[in-house]
Every structure is written in C-alpha cells, then in structure tokens.
There are 2 protein chains.
Amino acid sequence: MCYSSGARCCAATLLLTLIAIPGLAAEGGSRDSGPSDEQVAAELRDTALAGQNMAWDWVSELATRFGPRPAGSDNERQAAVWAAGRLKALGFANVHIESFPITAWVRGTESAQIVAPVAQPLVAAALGESPPTPAGGVEAEVVIFPTLDDLKNAPAGSLTGKIAFVSERMVRTQDGAGYGVAVAARANGPAEAARRGAVAFVLRSVGTDSNRIAHTGTTLYADGRVAVPAFALSGPDADQIERLAALGEKVRIRLFSTASYVKDAHSQNVIADVPGRSHPQEVVLLGAHLDSWDQGTGAIDDGTGTAIITAAAELIREIPRHPPRRTVRVVLFGSEEVAQPVAPFGAFGGHSYVDNHKAELASHVLTGESDFGTDRIYRLALPAGVMKSPFATTAMRVLQPIGVLPSQAPAGEGGTDIGPSAEAGVPVFELFQDGSRYFDIHHTADDTLDKIDREQLDQNVAAWAALVWLAADSDVDFRAPAAPPAAPAPH
Amino acid sequence: MCYSSGARCCAATLLLTLIAIPGLAAEGGSRDSGPSDEQVAAELRDTALAGQNMAWDWVSELATRFGPRPAGSDNERQAAVWAAGRLKALGFANVHIESFPITAWVRGTESAQIVAPVAQPLVAAALGESPPTPAGGVEAEVVIFPTLDDLKNAPAGSLTGKIAFVSERMVRTQDGAGYGVAVAARANGPAEAARRGAVAFVLRSVGTDSNRIAHTGTTLYADGRVAVPAFALSGPDADQIERLAALGEKVRIRLFSTASYVKDAHSQNVIADVPGRSHPQEVVLLGAHLDSWDQGTGAIDDGTGTAIITAAAELIREIPRHPPRRTVRVVLFGSEEVAQPVAPFGAFGGHSYVDNHKAELASHVLTGESDFGTDRIYRLALPAGVMKSPFATTAMRVLQPIGVLPSQAPAGEGGTDIGPSAEAGVPVFELFQDGSRYFDIHHTADDTLDKIDREQLDQNVAAWAALVWLAADSDVDFRAPAAPPAAPAPH
C-alpha cells in the first residue's frame with residue numbers, strides 16, 4: 001500500500017499511528033465499535049495527503065507510456081487496455097472495457113505564416129473537427145475582430161475571400177469562468193465567419209499563458225459540419241498580427257492543414273468497481289477521461305483526473321476495515337475532448353455509458369468528475385437537497401482542514417463525461433479545483449508531467465477519498481428535494 | 001525627444017526640472033560653467049529611467065515588422081535597411097551598411113517522433129549548421145548519456161547505427177554560467193557522436209524552462225563540417241525519453257530535417273556615429289546584433305540589445321549641451337548567431353567590422369556589447385587599468401543608485417560581436433545583466449516582445465547612456481596597464 005518511498009511514507013506512518021491511538025479513535029463515537037465514518041474519512045484524507053496514494057505513479061506511467069491519447073487512436077486504446085489491467089491487478093471488481101464507434105478527427109501536417117508585409121512563421125494549431133485546407137493552403141487578408149460579437153455584427157458577405165480573426169483575450173480566474181466566456185469564439189467562430197463569406201477562421205488561443213504554443217480544442221458542428229478550416233494562434237502570434245495592423249499594414253496569412261476524419265474508429269470506457277458491502281446496486285460514480293488532445297501527453301487533461309479518482313477508490317478499497325455500504329464505480333471515459341453537444345456528434349464516452357447502463361441509473365446515488373488539472377481543491381458543492389444536511393456538516397469537518405470551503409450554490413451539471421448521467425437524473429457533487437494556472441497549459445503541447453504539483457495532487461486524492469467514502473458508506477438520499485427557503489421573520 | 005506618452009513623460013519632466021535647479025547643477029563643480037560630466041551622466045540616467053528613451057519603440061517595431069531575422073535572410077537585410085533609415089532620420093552621422101558574404105544555414109521542414117515502444121510526437125529543433133537527414137529521415141535506438149563527458153567516454157564504434165542523446169540539464173544562475181557549461185554538448189556533441197558511429201545526435205535543450213519549446217543554437221564544425229544531423233529536444237521531451245528508458249523500454253526515435261545551406265548569401269553591419277566634439281577619431285564602440293534565430297522574433301536576442309545601445313547613443317546625441325569629446329559609434333552586427341570560432345566560419349559581423357576598420361582600431365578607446373536580453377544590469381566590469389581610477393569611482397556613483405555594483409574582476413572579452421575587436425586590442429567594458437530568466441527564452445520560438453520587461457529595459461538604457469557618456473566625454477586611457485598589486489604589509 002505504500003506507493004511512495006522515503007520521507008513521505010514515514011510522515012504518513014506517523015499520522016496513521018496517531019490516528020490509531022485509542023482515545024482518538026473513540027472520539028466521535030462509532031457504529032460497530034470500529035471507527036466512525038468521519039474517522040475513516042479523516043484517515044483516508046490523511047493517508048492520501050501524506051503521499052501514500054497511487055495517483056502520481058498512475059499518471060506518470062500513463063502519460064509516459066502512451067503520450068497523447070486522441071479519441072479513437074491506437075494510443076487511447078492501448079492506454080485503456082493498460083488501465084484495465086492495472087485495475088484488475090489492484091483487485092477492483094467488474095473491470096471491463098466498453099467500446100463504442102466514433103468518427104475520429106486526426107490532425108495532419110499543418111503550418112501558418114504571415115506572407116505580407118514581411119514573411120514570418122506563425123505558431124498555430126488546427127481546431128479539433130476543423131476540415132483540412134485545400135492542398136495548396138488558403139491565403140488571404142486578415143480581418144480582425146476584437147470579440148466574437150464584433151464578428152457577429154459584420155454584415156453578410158463582408159468577409160468574402162478573407163480570413164476572420166477573433167483576437168479576444170481569455171481572463172484568468174480561479175474558477176475558470178474566463179474559459180466559458182472566451183471559448184464561445186472557438187465553438188462558434190468558424191460558422192459565423194463562414195456565414196459572412198470568410199475562407200478560414202483563426203482566433204487567439206483560449207488560454208492564459210504567453211508562450212509560443214497554441215491551444216487547440218473542438219469547434220462546433222453547424223448544419224452537420226465545420227464549414228471552414230479553423231486554427232488557434234498562440235498568444236504572441238495574435239499580438240504580432242494586431243501590432244502589424246496597428247502599424248497600418250494589411251496582413252496576409254497562409255494556413256495549411258491536412259486534417260482528416262476516420263469514420264470507422266472506436267473509443268472505449270474503462271469501468272471498475274469497489275463493490276458495496278450491503279447495497280451494491282447503489283452506485284457512487286466517479287468519472288474522468290482517458291483520452292487527451294494530440295499535441296501534449298494528457299498529463300493534466302485528464303491523466304491526473306483518472307489518477308485522482310482511481311487513487312481515491314483504491315484507498316477506499318484498501319484502508320477501511322470493510323467496504324463501503326454502496327458501490328464505488330470508477331469510469332475512465334473515452335473520447336471526451338471531441339464531444340459535441342448535438343447528435344450525432346455526442347459526448348461519446350458519457351453518452352455510451354448512459355446507453356449501456358440505463359437500467360442502473362435510477363440507483364446511481366451520486367456522481368462527480370475530476371477534469372480540471374492537478375491544482376488544489378478549494379470548494380465543495382453538493383446537491384441542493386443535502387446542502388444543509390448532517391452529511392454536509394460532516395463532510396465540511398473533514399474537508400475544511402485541507403483548505404476546502406462549502407459552496408453557497410448547489411452543484412451544477414458536473415462535466416462533460418458525467419453530463420449525460422446528470423441529465424438522466426443522477427445527483428452531482430463538485431470538488432472545485434483552483435484553475436488559476438490550468439489554462440496556461442490546457443489543450444497544448446505543454447500538457448506534460450512536469451507541470452504536475454505533487455502536493456496538490458495528493459490534496460485532490462485526499463478530498464475525493466474522504467468525500468466519496470462518506471457518501472458511499474451512508475444511506476443519504478442525494479436526490480432529496482431542497483428544503484423550501486425559511487419564511488422571512490416578521491417585522 | 002519624448003518617445004513615450006502620458007504619466008512616464010510627466011515624471012521625467014519633473015526630474016529634469018529638479019536637475020535644472022541652479023543650486024543642484026552647481027554641486028560637484030563644472031568644467032565650462034555648465035554641468036559636470038557626472039551631472040550629465042546622472043541626467044542621461046534619469047531621463048532613460050523615466051521611460052524617455054526610444055528603446056521600446058525601436059525593439060517593438062523591429063520585432064513586429066521583420067519577425068525572425070536569420071543571418072543571410074531577406075528579413076535580416078530589410079531590418080538593416082530599416083535600421084539605417086531610422087538612424088539617419090534621427091540625425092546620426094556616418095550611417096551606412098557594410099555588407100559581407102556568408103553561407104547561410106536555412107531550417108527546412110523538420111519533425112521528430114518516438115516510434116517505439118508507442119508512437120509519440122517529439123518537440124525538437126535542428127541545431128544551426130546541422131545537415132539535413134536523408135530524405136526518409138533517420139530512425140534508430142537512442143543511447144542516453146547524462147553528460148557530454150559520458151559520451152566522450154564511450155568506446156569507438158559503440159554507437160554504430162544509434163542516436164546519441166545527451167540529457168544534461170542546464171543550471172539556472174544569475175550570471176549565465178550554467179550556459180557555458182551546458183553548451184559544450186551542443187557545440188561538440190555531434191562530432192563526438194559521429195566519431196563513435198552514431199547516425200544522429202540529440203540533446204536536451206540548453207535552457208532553463210520547462211516548456212514544450214526547443215532551444216536551437218549553432219553547433220560547431222569539425223574538420224570543415226557538422227558530421228551528423230543534430231537536434232535539441234524540449235525539456236519535457238528529454239524527460240519523456242529518460243522516463244521511458246527508466247521503465248525498461250528501448251526507445252527508438254525518428255528524426256527528419258530538410259535543412260540546407262545557401263552559399264552565396266550576404267549579411268551586413270549597420271554603422272552610425274555620434275561624432276566626437278574634439279577627438280572624433282577616438283571611438284567608443286557599442287555593439288549588438290540585428291540577426292536572430294529563425295523561430296522567434298529576436299525580441300530579447302538581440303532586438304533589445306540593438307534598442308539599448310541605440311537609445312543610449314540617441315540620448316547622448318540629444319540631451320547634453322554639446323557632443324561628447326570622443327565619437328560614440330553604434331554597430332548593429334549581422335550574422336552573430338551562426339558564428340564559429342574557427343575560419344572560414346567566423347563570427348562574421350564582428351570579423352567583417354575588424355577587417356573593414358583595421359586602421360581605426362588603435363584609436364578605438366573602449367567597446368561594450370549588449371546581448372543578454374532585457375533584464376536589469378547589476379554589475380559593471382571595467383578594463384583592469386581603470387578599475388581603481390577616478391573614472392571608476394565616478395561611474396559607480398552614477399550607477400550604484402540604479403542597482404549596479406562594481407565587479408571585483410576586470411572585464412573579459414565582451415561578446416561575440418566585439419570579440420574580434422577586443423582580440424585586436426580594443427579595451428572592453430561589461431554591463432552584466434541579470435540572466436536568471438534569460439535562458440527560459442533564449443534561442444526559442446518564445447523570443448517575442450511580450451517577454452520584455454519595460455522597466456528593466458529602461459534601466460539598461462540608463463546604465464549604458466550614463467557610462468558611455470562618461471567614457472566618451474573623458475580623456476581616460478582605457479588601455480592603461482593595471483597597477484601592480486600593493487606590496488604586502490610587513491609583519
């Protein structure tokens with residue numbers, strides 16, 4: 001059970017020793033003369049925090065052995081086989097792979113240059129699902145729009161033969177709210193540009209760094225296709241075009257891409273259970289995704305997510321005296337990155353899970369997803385009905401000491417992977433991570449292992465293990481309706 | 001004369017007003033009832049520090065209009081024409097371009113991948129002067145050497161058909177000493193690998209960042225050529241190969257490059273003078289280079305160097321009541337980056353200058369070079385003979401208030417550009433810059449304008465303007481021999 005070596009293990013051993021002191025163990029009472037649920041949760045938390053968890057080893061081997069794992073690729077498939085093998089070897093139950101068909105998008109050779117006023121190379125990345133350029137590339141004058149709204153305000157036909165460029169900057173925030181704003185240009189820009197006659201679309205990368213590395217990401221289908229080739233420019237390249245225009249120059253650029261679609265590809269979900277002791281049909285579902293973008297190695301998106309939930313489940317499998325009352329299920333989803341909100345281009349892994357497990361969803365008691373990198377968790381959101389419950393009070397007693405505050409709002413829809421389950425009625429919890437630096441790296445070649453902060457990774461495992469234990473060993477109904485607001489005091 | 005706008009100019013105006021107060025101006029005495037040299041130096045310093053200097057505008061326009069300016073390229077030539085035009089328009093004298101022939105190295109299409117155990121893309125950049133691979137690329141097993149010495153210790157023939165990989169990490173230091181150590185592998189690795197039968201050479205980028213961006217740079221000719229294709233891997237890619245090997249895997253990689261040589265190319269130096277008042281034949285020579293590597297835009301290497309020396313000379317031309325006693329000459333050198341220490345592959349710009357100005361070198365009284373990015377100057381080194389002189393005392397009184405300490409050692413050989421002049425006997429001064437973050441960016445695509453800290457850029461101009469004024473308006477003999485060490489006190 002000691003996944004790390006040296007000093008960290010020693011610290012953990014000391015902690016475990018302290019926890020085992022009878023006086024401490026008795027404090028807070030216990031159900032079956034063993035430690036209470038809260039005590040077990042605290043033990044799971046402290047064990048994880050001391051580095052005694054498998055998250056680093058998992059993500060290190062995953063990102064090293066398989067590198068990028070784009071949806072439908074051989075690397076994604078091999079990673080799934082490896083993950084299933086590791087989960088089986090660890091002793092998880094019901095370990096299996098559920099495959100599903102997809103149309104895979106494959107980046108080809110690509111390049112971008114300023115061709116006038118003076119030739120200069122550009123760092124750019126085709127957006128996911130973007131079609132290839134003509135074989136000779138596409139070359140045209142750039143028209144700059146400060147925001148997507150400015151592009152939308154351009155008259156029909158005003159971009160005929162031009163390349164539309166949305167230069168909007170993403171705002172850095174702890175909760176990632178800046179992403180939600182800026183990503184609209186990536187999602188909808190190509191369609192809006194095409195409608196006005198543009199031959200291609202580029203945008204400033206949706207990211208917060210200033211490296212010469214472009215942030216890819218999926219753009220949306222409109223009327224069943226992405227109409228024009230679409231690229232993200234690195235921040236400094238977007239600056240360069242803006243400055244050239246400010247010097248009074250007309251800027252012409254050339255874009256080239258041999259991106260293609262593979263219609264008969266497959267992706268897959270990997271499933272593994274820690275079976276419940278008394279109510280195994282009741283499932284707490286933990287999700288993360290095994291696929292990644294193709295230029296990095298998917299270390300923080302979402303190698304760490306798979307590591308966090310797997311390590312948390314493994315601690316729950318190993319540490320307590322008995323399994324939890326309910327089943328803890330880990331699902332490592334496939335094909336998350338290219339998910340589209342509209343059929344037939346669905347959030348494939350998440351949809352496939354719901355399709356295959358329809359009958360079980362009514363007894364899925366709670367679900368959560370880890371897909372926001374590796375930095376520390378600072379907030380917990382629970383379903384509305386339990387926000388003021390004893391469960392929430394206990395959870396906060398365990399989580400607040402490691403820097404987690406309660407959210408004032410109930411949990412939302414979770415992420416892409418568990419979205420379809422949430423839509424089908426499964427209650428959601430959210431452990432919000434600090435996203436201040438996440439979008440420096442997100443969807444880039446820079447998504448590599450060295451970016452992981454191991455102490456913060458351990459804190460994530462600690463919070464997940466503790467919270468999931470409390471939920472899985474309880475009989476709480478997370479579907480309970482929220483209490484009506486208290487009547488205002490008479491005045 | 002106001003190159004900036006708004007608040008910074010107002011602050012500068014205030015400073016100038018204060019300096020103009022008669023009581024202050026009289027303090028310290030004066031030669032011709034005007035301000036003393038020290039007072040003028042302080043005024044130049046404070047004007048520059050307040051942002052009233054042209055450095056930012058210069059480097060911004062240079063890096064924006066011309067982007068990368070590799071030696072022998074059209075971009076380098078256009079940048080030289082632009083620079084000469086700007087210098088003439090400003091009112092510099094003797095502005096002209098001195099062209100010289102070179103063999104230009106041109107990066108082609110290039111790529112690198114891990115092909116086994118699992119396919120993964122690598123971020124790599126061919127080293128300057130490195131030959132192309134065969135048309136089908138070169139694919140082989142990697143043999144890892146922790147240091148260049150380990151490669152040198154490999155027996156003859158032991159690398160037949162293999163790719164040698166030196167994985168040494170550069171150490172981050174303020175004075176850049178780590179570069180001098182690590183760069184030996186880049187300079188000599190290809191020859192050492194080829195001697196042992198290797199078909200190619202790769203090394204961990206000589207840099208201190210952990211971005212997925214490779215650091216290029218020139219590798220040395222041995223026996224008139226670079227024997228095998230040679231590439232720098234980004235830090236995270238070097239890590240990845242090391243980790244795969246640590247997992248017990250044999251790592252095979254594939255390298256591809258269409259690099260080529262253009263034998264009839266030209267580069268050029270741009271020369272501009274602030275003519276001396278009474279001894280115009282005595283020259284203080286300021287150097288920086290206009291060429292850059294081909295993947296970034298040469299903003300910090302060495303756009304800022306050209307901006308610093310030009311802005312300092314322009315302040316000296318404009319601010320004092322009269323020109324300095326001696327001539328201040330700005331030389332914007334060409335073709336610095338591909339300089340080789342051995343003929344016929346010389347430090348072209350520097351050698352060409354010495355060839356064209358041989359007869360004048362005896363009256364070149366002092367020279368310095370700015371080629372270490374944009375961060376603040378923290379140390380001044382002077383020629384040995386003046387280290388303890390009144391000149392040094394005055395210089396330190398002006399420079400210490402802006403964070404510059406005296407070096408305990410005399411100045412060395414300067415940099416690549418002024419190296420041939422120094423070798424010909426011209427005394428050297430060095431204004432050492434903080435290089436702590438320089439090698440995060442050096443020789444990469446990330447060398448872009450956004451990396452420039454404008455306040456530190458202003459501090460550079462301030463130090464250069466003040467020191468160069470003091471030297472140029474003096475009659476100090478910087479060739480004077482160092483005083484013999486004092487006899488030890490009797491005991």
Side-chain angles (χ1 to χ4, degrees), chain A residues 60-61 63-70 73-79 82 107 109 111 113-114 117-123 209-214 234-249 251 294-299 440-441 444-452, chain B residues 60-61 63-70 73-79 82 107 109 111 113-114 117-123 209-214 234-249 251 294-299 440-441 444-452:
Chain A
S60 175
E61 189 166 345
T64 299
R65 280 200 185 280
F66 308 104
R69 306 172 296 278
S73 69
D74 200 48
N75 289 38
E76 188 201 26
R77 190 190 55 73
Q78 289 189 57
W82 167 86
R107 186 183 308 279
T109 304
S111 64
Q113 302 93 34
I114 295 173
V118 174
Q120 301 186 30
L122 290 169
V123 173
D209 61 304
S210 61
N211 290 319
R212 204 85 185 284
I213 295 179
S234 89
D237 290 270
D239 292 343
Q240 186 82 332
I241 292 176
E242 286 189 310
R243 273 193 308 262
L244 276 169
L247 286 170
E249 302 287 354
V251 182
D294 57 326
Q295 297 181 303
T297 64
D440 290 348
I441 297 159
T444 71
D446 234 352
D447 182 357
T448 49
L449 268 177
D450 51 290
K451 310 306 183 302
I452 294 175
Chain B
S60 175
E61 189 167 344
T64 299
R65 282 201 184 278
F66 308 103
R69 305 173 297 278
S73 69
D74 200 45
N75 290 37
E76 189 202 26
R77 190 189 55 74
Q78 289 189 57
W82 167 87
R107 186 183 307 282
T109 304
S111 65
Q113 301 92 34
I114 295 172
V118 174
Q120 301 186 30
L122 291 170
V123 173
D209 62 304
S210 61
N211 290 319
R212 205 85 184 285
I213 295 180
S234 89
D237 290 86
D239 293 344
Q240 187 81 332
I241 292 176
E242 286 188 310
R243 275 193 307 263
L244 276 169
L247 285 170
E249 301 287 354
V251 183
D294 57 326
Q295 296 181 305
T297 64
D440 290 348
I441 298 158
T444 71
D446 234 351
D447 182 357
T448 49
L449 268 177
D450 52 291
K451 309 306 182 302
I452 294 176

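Letters go in sequence order (proteins before strands), and every chain restarts at 1.
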[X] side chain to [Y] backbone, donor-acceptor under 3.5 Å:
X      : Y      : result
B:E249 : A:R65  : no
A:Q78  : B:V118 : no
B:D450 : A:P236 : no
B:K451 : A:S210 : yes
B:N211 : A:N211 : no
A:Q120 : B:T64  : yes

Side chains of [X] and [Y] in contact at under 4.5 Å (non-hydrogen atoms):
X      : Y      : answer
B:T297 : A:Q240 : yes
A:I213 : B:I213 : yes
B:T444 : A:R212 : no

Checklist line | Choice from A:D239, A:V123, A:L449 maximising heavy atom contacts with chain B below 4.5 Å | finding: A:L449
Margin query: Evaluate A:R243 against B:E61 for salt bridge (charged side-chain N to carboxylate O under 4.0 Å, His left out), listing each step before the verdict.
Written below: CA-CA 9 Å; A:R243 273 193 308 262; B:E61 189 167 344; over 6 Å; no
Next item on the list: Please look at A:D237 and chain B and tell me whether the side chain, the backbone, both or neither of the residue comes under 4.5 angstrom of a heavy atom of that chain.
Entry: neither
Note to self: Among B:G67, B:P121, B:S60, B:S234, which residue has the highest count of heavy-atom pairs closer than 4.5 Å to chain A?
What the structure shows: B:G67
Next item on the list: Tell me, for B:D447 versus chain A, whether the close heavy atoms (under 4.5 Å) come from the side chain, the backbone, both or neither.
Entry: neither
